[in-house]
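Comments concern the structure below.
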Amino acid sequence: MNAAYKLFHEGSLALARAEQQGIRVDVDGCNRKKKFLSRKIDYLFHKFEETELAKVWRSVYGTGMNVDSNAQLSEVLYNHLGVTPPKLTNSGRGSTDEDALSKIDMPGVKLILDMRKLKKIRDTYLDQFLREVSSDGYVHPFFNLHTVRTYRSSSDSPNFQNIPKRDKDAMKICRKILFPRQGHQLLEVDFSALEVCVAACYHKDPNMLKYLHDPESDMHGDVAYKIFLLDDYDELIRKAGAIKKIKEFKLLRNAAKNGFVFPQFYGDYYKNNAYSICEWVKLPTDRKWKAGLGVKLPDGKSISEHFISKNIKDFDSLVEHLRKIENEFWGKDFKVYAQWKEKQWQSYLKNGYVDMFTGFRCSGIMRKNETINYPVQGAAFHCLLWTFIQTDKVMREENWDTRLVGQIHDSMVIDVNPDELEHVVETVHRIATVELPRAWDWIIVPMNVEFELAPVDGSWADKKDYERRGE
DNA sequence: TCGTTCACGC
DNA sequence: GACGTACGTGAACGAA
């Protein structure tokens, strides 16, 4: 049987068993949270009605005024109140997304943003759970393998793959409602840097392989050194143990990782990176910098003062700085990676398709970045799916009481019987890190997984890092 | 009903 | 020298 077909056939059966199992919802808690949010939204709306923005809005639209209408908000803000749009939508009017509104210093605008956050939680997530919960108190999210161009999965009814995580308040409200079966606990298993690992299997860049093979090395930290010119702090960083430990450096490392490295891998370029980096370190992009702006370094010095001392005095010189780093990134540090990207594109232009390691083929009209990203994104998910299938198989063969309940592209969620916890963890760890690379010889880098565990009868919001025994 | 905008995940 | 993140689901609006 064709390998790609077999993976998806077995995958859909394993995912169907997870769907059938489902996740317990605290319906009463969900309703209470909804009421609480509605009261808060009402309160914010009353406060909003006192603002100048609301008064002008009502004078323009009368009884037709609708606070949920972005078209109306855009009209009032940019055409009646004379605010200059910080950015435009695709169709050319002033944008009202969070990024744009957060740049406008008006009390009414702030209240709109606050209301939006709460409405998102209530109307997208809580309503979805209440609508989809079955009479036994469980939701059964669908996991589809037939909807996505890259041969990843999708999820719906309810969507289990976009529940808030980064925003801690939203995370708690939404995840405190999701539970395992009585007497069980939720375990989440995450592949570390899965897409980076799979990409490295395609391009085989020697420098990237070195990073992935050496657990002591730190690519994001190294890039942070370059972007923020941290040589002066070298001794401090090494003495304290790591750039990952001191919170000021940790922020710079995150800025480098999420503002430069990952966007670069996905095909973004230095100017966007400069905006993103400025957002991370809280530097203005529209005026000359002076000492005292932005985040602080551990010695109390501001990032702006530090940049200025390195002759980076404003946004434009940061753009120029990042342009050089980008050139070095692809021209020197990851030259072989860059060559693979070009080869991949040329191969698509010649053949009209690109293939994945896992036997899938993407064809049709693609842009350059897509020919590069699709095979990586797809094959990365297939690593998770293979692990999911094997775990499901062992679960049934050994008659576990534990059940797989969901999957989020590079992680899986398991409803565990506490008596079986250690065995489950060891089994999943073995399948993901030993059996997977053995089954697929194209995997030429070490595979790693991390575990998070919630207490018995705890919610999905209560998960904490979990160390395997002997680690 | 469908396109657009917005917001959440990886 | 210019160009320039990928993949989804779902809610709400508003025009057709």
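To find a chain, count down the sequence lines: A is the first, B the second, and so on, and within it residues start at 1.
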For A/Thr96 and B/dC6, is the shortest distance between a side-chain N/O and OP1 or OP2 below 4.0 Å? yes
Classify A/Lys165 by what it touches in the nucleic acid, base, sugar-phosphate, or nothing, heavy-atom distance under 4.0 Å. sugar-phosphate
For a quick check of understanding: with a heavy-atom distance under 4.0 Å over all strands, which category does A/Ser91 fall into, base, sugar-phosphate or nothing? sugar-phosphate
Of the listed B/dG9, B/dC6, C/dG4, the closest approach to the A/Arg152 side chain comes from B/dG9
For B/dT5, does either OP1 or OP2 sit under 4.0 Å from a side-chain N or O belonging to A/Asn90? yes
Choosing from C/dG4, C/dC7, B/dT5, which nucleotide comes nearest the side chain of A/Arg367? C/dC7
Looking across every strand, which nucleic acid part, if any, lies under 4.0 Å from A/Ser153 by heavy atom: base, sugar-phosphate, or nothing? nothing
Report the relative orientation of the aromatic rings in A/Phe334 and A/Phe265; use parallel for angles under 30°, tilted for 30 to 60°, perpendicular for over 60°. perpendicular
Whole angstrom is fine here: how far is it from CG in A/Leu194 over to C1' in B/dG9? 16 Å
Sugar-phosphate only, base, or nothing, as touched by A/Tyr270 at under 4.0 Å among non-hydrogen atoms: base
I need the NZ-P distance between A/Lys368 and C/dA2, as an integer number of Å. 17 Å
Heavy atoms only, 4.0 Å cut-off, all strands: where does A/Asn373 land among base, sugar-phosphate and nothing? sugar-phosphate
Counting distance alone, no hydrogens or angles: does the base of B/dC6 have a donor or acceptor under 3.5 Å from a partner atom on the side chain of A/Arg116? no
Can you tell me the Watson-Crick or wobble partner of C/dC3, both distances under 3.5 angstrom? none
Which nucleotide in B/dC10, C/dC13, B/dC8 has an atom nearest any side-chain atom of A/Tyr125: B/dC8
Compute the centroid of each ring, for A/Phe262 and then for A/His220, and state whether the two points are separated by less than 6.0 Å. yes
d(CG, A/Leu384; P, B/dC10) in whole Å: 12 Å
Charged N to carboxylate O below 4.0 Å: is that the case for A/Asp114 and A/Lys110? yes
Please confirm whether any donor atom in the side chain of A/Gln377 sits under 3.5 Å from an acceptor in the base of C/dA6, or the reverse. yes
Knowing that exactly one of A/Phe388, A/Tyr151, A/Trp440, A/Phe8 qualifies, which makes a ring-ring contact (aromatic ring centres under 6.0 Å, His included) with A/His382? A/Phe8
Taking A/Asp26 first and then A/Lys176, would you say they form a salt bridge - that is, a charged N and a carboxylate O separated by under 4.0 Å? no
Compare the minimum distances between each of B/dC8, C/dA6, B/dC10 and the side chain of A/Asn369, then state the nucleotide with the smallest one. C/dA6
Which atoms form the tightest heavy-atom contact between A/Val449 and A/Ala432, and what is the distance? CG1-CB, 3.7 Å
Value in whole Å for how far the C1' atom of B/dC10 lies from OH of A/Tyr266: 7 Å
To the nearest angstrom, the CD-C1' distance between A/Gln407 and B/dG9 comes to 12 Å
Proximal nucleotide (of B/dC10, C/dG14, C/dC7) relative to the A/Asn66 side chain: C/dG14
Looking only at C/dA6, B/dC8, B/dC6, the nucleotide nearest the A/Lys117 side chain is B/dC8
Pairwise P distance for C/dG4 and B/dC10, with rounding to whole Å: 28 Å
Identify the stems formed by DNA chain B, where each pair is Watson-Crick or G-U wobble with both distances under 3.5 angstrom and a stem is at least 3 consecutive pairs. B:1-9 with C:7-15
Looking at every strand, decide which applies to A/Arg131 at a 4.0 Å heavy-atom threshold: base, sugar-phosphate, or nothing. sugar-phosphate
Do A/Tyr374 and A/Gln344 have a side chain donor and acceptor closer than 3.5 Å? no
Tell me which nucleotide among C/dT9, B/dC8, C/dA6 gets nearest to the side chain of A/Ser154. C/dT9
Heavy atoms only, 4.0 Å cut-off, all strands: where does A/Arg323 land among base, sugar-phosphate and nothing? nothing
Taking only side-chain nitrogens and oxygens of A/Arg149, does any of them come within less than 4.0 Å of OP1 or OP2 of C/dC7? yes
State, to 0.1 Å, how close A/Thr371 and A/Pro375 come at their nearest heavy-atom pair, and which atoms those are. O-CD, 3.3 Å
Counting heavy atoms from C-beta on, name the nucleotide in C/dA6, B/dT5, B/dG9 closest to the side chain of A/Arg93. B/dT5
Would you mind classifying the nucleic acid contact of A/Pro164 as base, sugar-phosphate or nothing, using non-hydrogen atoms under 4.0 angstrom? sugar-phosphate
Need one value for A/Glu195: base, sugar-phosphate or nothing, where a base atom within 4.0 Å counts as base even if backbone is also close, heavy atoms only. nothing
5' precedence on DNA chain C between A/Ser155 and A/Ala71 (nearest-nucleotide basis): A/Ser155
Indicate the atoms forming the closest heavy-atom contact of A/Tyr211 with A/Ser217, along with that distance. O-OG, 3.0 Å
Could you check how far CG of A/Asn159 sits from P of B/dG9, rounded to whole Å? 11 Å
Could you give the CG-to-P distance, from A/Leu385 to B/dC10, as a whole number of Å? 18 Å
For A/Asp127, which contact category applies under a 4.0 Å heavy-atom criterion: base, sugar-phosphate, or nothing? nothing
Give a yes/no on whether any side-chain N or O of A/Gln128 is located under 4.0 angstrom from OP1 or OP2 of C/dG10. yes
Protein-nucleotide distance (A/Glu326, atom CD; C/dA2, atom P), rounded to Å: 14 Å
With a cut-off of less than 4.0 Å, is there a side-chain N or O of A/Ser95 near OP1 or OP2 of B/dC6? yes
Does a side-chain heavy-atom distance below 4.5 Å link A/Lys463 with A/Arg175? yes
Can you find a side-chain donor-acceptor pair between A/Glu435 and A/Trp386 that sits under 3.5 Å? no
Measuring from the side chain of A/Glu370 (C-beta onward, heavy atoms only), which nucleotide among C/dG8, C/dC7, B/dT5 has the closest atom? C/dC7
Looking across every strand, which nucleic acid part, if any, lies under 4.0 Å from A/Gln264 by heavy atom: base, sugar-phosphate, or nothing? nothing
State which of C/dA11, C/dG10, B/dG9 makes the closest approach to the side chain of A/Asp156. C/dG10
